[in-house]
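The structure appears right after this line, and notes come after that.
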Amino acid sequence: QERSIDQKQNESLSDYIARGLNLSDGETVRLLEALDSGMTIEEAQKEAGVTLSPEHQGLALTIARAIGTALGKLSS
C-alpha cells in the first residue's frame, strides 16, 4: 500500500521531508547534507545518526535521486 504525503501550504521543503521521514529538523538537515555530498543512503543515515525504517528508506532514496538530478542540472 502506497501512502501519499502532501506538502502543506507554506511548508518548507526540509520540514516536508522531516515530516515524511519522521525525523527532527536537525536529523533531516544532517541527512540531506550527507546525501548532497554524495553519500549512499546507508552512509548518510550513519552520518546523520538516524535509522530509517525500510518504508522511509525508499522515500530517502527518491529524495537522494532528486538531489542528484537537480545537482546535475545545475552543473550543466
Side-chain angles (χ1 to χ4, degrees):
Q1 176 181 350
E2 191 169 318
R3 180 174 66 140
S4 175
I5 301 170
D6 296 321
Q7 188 171 8
K8 297 176 183 177
Q9 186 175 356
N10 299 322
E11 183 177 35
S12 71
L13 184 58
S14 63
D15 288 345
Y16 174 53
I17 293 169
R19 187 167 51 85
L21 295 177
N22 196 31
L23 298 174
S24 72
D25 291 341
E27 290 169 334
T28 302
V29 168
R30 290 190 303 272
L31 182 69
L32 292 175
E33 287 174 347
L35 291 170
D36 185 43
S37 73
M39 291 184 185
T40 66
I41 296 297
E42 293 78 15
E43 292 166 338
Q45 286 182 87
K46 186 174 181 178
E47 179 73 18
V50 300
T51 303
L52 300 174
S53 69
E55 173 186 319
H56 289 133
Q57 286 181 14
L59 179 56
L61 182 58
T62 300
I63 292 166
R65 287 182 179 146
I67 290 170
T69 300
L71 289 175
K73 287 179 181 177
L74 289 175
S75 65
S76 299

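Treat the numbers as computed from the prediction; the structure is a model and nothing was measured.
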[atom1] of [X] to [atom2] of [Y]: how many Å apart, nearest 0.5 Å?
X: Ser12; Y: Arg19; atom1: OG; atom2: CZ; answer: 10.5 Å
X: Thr51; Y: Leu23; atom1: OG1; atom2: CG; answer: 10.0 Å
X: Thr40; Y: Lys46; atom1: OG1; atom2: NZ; answer: 10.5 Å
X: Leu21; Y: Gln57; atom1: CG; atom2: CD; answer: 10.5 Å

Output all residues satisfying side-chain contact (heavy atoms from CB on, under 4.5 Å) with Glu47, sequence neighbours left out; order by chain, then residue number.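 With neighbours one apart ignored, the set is Ala34, Met39.
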If we ignore hydrogens and angles and just use 3.5 Å, is the side chain of Gln45 paired with the main-chain N or O of Leu52 as donor and acceptor? yes
Mark yes or no for whether Gln7, through its side chain, and Glu11, through its backbone, hold a donor-acceptor pair below 3.5 Å. yes
Is Tyr16 reachable from Leu35 through a run of hydrophobic residues whose side-chain heavy atoms are each under 4.5 Å from the next?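 Same cluster.
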Find out if a path of hydrophobic residues (ILVMFWY) with successive side-chain heavy-atom gaps under 4.5 Å connects Leu13 to Leu32.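 Yes, same cluster.
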Pairing residues for Asn22 by the side-chain hydrogen bond (donor to acceptor under 3.5 Å, both in side chains) criterion, not counting sequence neighbours: none
Between Ser14 and Thr28, the two heavy atoms sitting closest are O-CG2, 3.6 Å
